[in-house]
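These notes are about the structure you will find just below.
Below, read A as the first sequence line, B as the second, and so on, with proteins coming before strands; counting in each chain starts at 1.
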Number of protein chains: 2
Amino acid sequence: MSITYREVKADLLRQITQGELAPGSSMPNEVDLAASYGCARATVNRAMRELADDGIIERRRKAGTRVRLNPIRQVRLNIPIVGQEIEELGAAYRYALVHGQAEPAPNWLRARMALKRDDRVLHLTCMHYADGAPYQHEDRWINLDALPEAEQHDFSDIGPNEWLVSTVPFTEAQISFHAVQADATIADYLDCTEGDALFQAERMTWLEGQTITFVQLTYRRGHRLTMQY
Amino acid sequence: MSITYREVKADLLRQITQGELAPGSSMPNEVDLAASYGCARATVNRAMRELADDGIIERRRKAGTRVRLNPIRQVRLNIPIVGQEIEELGAAYRYALVHGQAEPAPNWLRARMALKRDDRVLHLTCMHYADGAPYQHEDRWINLDALPEAEQHDFSDIGPNEWLVSTVPFTEAQISFHAVQADATIADYLDCTEGDALFQAERMTWLEGQTITFVQLTYRRGHRLTMQY
DNA sequence: AAGTGGTCTAGACCACTCC
DNA sequence: GAGTGGTCTAGACCACTTC
């Protein structure tokens with residue numbers, strides 16, 4: 001059994017975390033490391049490439065490889081569909097369509113979604129419940145110019161997110177997180193007090209340059225987005 | 001010039017996004033793809049491995065490779081040091097130490113940081129300004145049992161985050177985001193109204209199983225964390 | 001000019017898992 | 001049992017960057 005790239009990666013990482021390879025110091029080149037580990041250069045290359053992807057080391061041709069002074073701290077954030085999110089908490093998921101109507105895009109939305117003057121949108125308001133308690137309020141607009149079939153679809157049983165994922169997968173998106181104060185309407189839906197601080201996500205989605213949908217997801221009071229790294 | 005793994009990856013991705021390879025359908029195996037692209041199997045392997053890492057396709061030995069039905073949506077979130085964050089906005093950064101004191105760990109913090117009964121902590125309160133306006137309020141506790149040298153260090157000029165990154169790089173961490181209501185103290189520091197909804201991050205950091213520091217970072221009103229994917 | 005990482009090749013063996 | 005992806009090898013050429 002020969003040495004694997006995982007073993008090389010683990011050993012290099014150990015040397016870095018335990019201080020044998022100090023931040024800012026340069027590491028041996030691939031040929032030398034391969035010789036000292038007794039493996040092929042490609043094996044060392046894959047180990048170091050992954051460490052570079054992880055933001056631990058920095059590589060430049062000719063200049064060589066260095067341990068980063070300030071390791072890049074990065075997280076992979078999975079963006080789940082709310083139903084899956086709730087079921088992974090071990091709670092029962094329920095969905096409800098509150099309101100759905102096709103209408104001309106209001107000005108603020110036209111600007112935000114970069115819509116044309118006469119574009120129409122489908123405005124959907126939904127609620128997502130975990131074990132019967134309000135979990136998330138969804139306010140969504142779908143560009144009917146890009147996705148006319150949405151107008152005929154019945155969103156009573158299947159949430160717009162699930163429908164969109166199965167209809168237009170592989171879109172590009174931008175997501176942003178922030179805090180909002182609950183207004184009277186949201187407070188009512190989420191069973192909290194007006195003025196409460198709530199966690200909100202906004203997402204805009206494109207397919208080949210065309211805006212597909214914009215959504216505001218407001219979470220119940222106390223919601224946290226947690227990640228390890 | 002032979003075909004690169006990037007070209008193979010781009011071509012496969014094109015086929016997926018343009019619907020030639022439908023979600024859920026299975027793809028040819030590596031040997032066949034290599035033959036049809038006229039390249040080595042390793043080249044196809046790297047292209048497909050990256051697509052799998054990106055959450056676009058799903059691979060299983062013997063079963064083969066399939067286009068994911070629901071592509072995994074994931075983001076790489078860089079967690080910058082606040083000074084860099086502000087300078088990248090094109091604003092001037094200023095730091096101020098508000099308060100610093102070594103003290104016995106309060107009970108809630110002992111539980112949270114998993115400290116021993118008599119452990120002491122260094123409690124630091126700091127402010128970070130962008131172009132003179134309040135940007136972030138930092139409330140930090142450092143475990144003096146794990147990092148006794150912190151007690152002698154002067155945090156007047158250099159923020160605790162920068163000092164920690166240079167003193168104990170390569171730690172493990174957990175980060176969580178949520179919304180809080182500004183209390184009177186925070187409202188005063190961040191120049192907002194009591195009760196305003198603010199975006200807050202909490203981070204806990206470990207080195208080899210030992211808790212190093214816990215920090216609450218409260219951002220000015222209206223702060224957003226934005227990501228593309 | 002020369003050193004370093006980036007990538008491709010052709011071949012091999014292996015590990016996993018479905019049938 | 002057999003098909004598929006996972007990985008390693010030894011060698012090669014190239015691209016980039018610093019000297």
Under the salt bridge (charged side-chain N to carboxylate O under 4.0 Å, His left out) test, residues paired with A:D32 that sit two or more places apart: none
Distance, rounded to the nearest Å, where A:E7 contributes CD and D:dG6 contributes C1': 14 Å
Counterpart residues, salt bridge (charged side-chain N to carboxylate O under 4.0 Å, His left out), relative to B:D53 (two or more places apart): none
Short heteroatom pairs, N/O only, protein and nucleotides 10-12 of chain C, under 3.5 Å:
residue	atom	partner	partner atom	Å
C:dA12	N6	B:R41	NH1	3.1

Closest to side chain of B:S2, choosing from C:dG5, D:dT7, C:dC8: C:dC8
All side chain to side chain contact (heavy atoms under 4.5 Å, CB included) counterparts of B:E208, not counting sequence neighbours: A:Q18
Pairs meeting criterion ring pair (Phe, Tyr, Trp, His ring centres under 6.0 Å) with involvement of residues 28-86 of chain B, two or more places apart: none
Proximity to DNA chain D (any heavy atom under 4.0 Å), residues of residues 20-28 of chain B only: none
Distance below 4.0 Å between B:R61 side-chain N/O and D:dA2 OP1 or OP2: no
Ionic contact status for B:E7 with B:R14, cut-off 4.0 Å: no
Atom pair distance, as rounded to whole Å: CG in A:L33 and C1' in D:dT9: 17 Å
Nearest-angstrom distance from the residue atom OH of B:Y5 to P of D:dG5: 20 Å
B:H153 and B:W163 aromatic ring geometry - parallel, tilted or perpendicular at 30°/60° bounds: tilted
Residues that A:Q152 engages under side chain to side chain contact (heavy atoms under 4.5 Å, CB included), provided they are two or more places apart: none
Pair listing, ring pair (Phe, Tyr, Trp, His ring centres under 6.0 Å) test, anchored in residues 59-87 of chain B, at least two apart: none
Nearest-angstrom distance from the residue atom CG of B:D32 to C1' of D:dG5: 13 Å
Any A:T65 side-chain N or O less than 4.0 Å from OP1/OP2 of C:dG5: yes
Interface with DNA chain C, restricted to residues 43-60 of chain B and to heavy atoms under 4.0 Å: B:T43, B:R46, B:R60
Euclidean distance, atom CZ of residue B:R6 to atom C1' of C:dC8 [Å, nearest integer]: 13 Å
Integer-rounded Å distance: D:dC8 P and A:Y37 OH: 13 Å
Results of side-chain hydrogen bond (donor to acceptor under 3.5 Å, both in side chains) for B:R6 - residues two or more places apart only: none
Set of residues satisfying side chain to side chain contact (heavy atoms under 4.5 Å, CB included) with respect to B:N45, sequence neighbours excluded: B:E30, B:R49, B:R59
Distance in angstrom units between B:E30 CD and D:dT7 C1', rounded: 11 Å
Among D:dG3, C:dT4, C:dC8, the one nearest B:K62 by side-chain distance: D:dG3
May I have the list of side-chain donor-acceptor pairs in residues 124-133 of chain B shorter than 3.5 Å, sequence neighbours left out?
residue	atom	partner	partner atom	Å
B:T125	OG1	B:D139	OD1	3.2
B:H128	ND1	B:Y93	OH	2.7
B:H128	NE2	B:E138	OE1	2.6
B:D131	OD1	B:A92	N	2.8

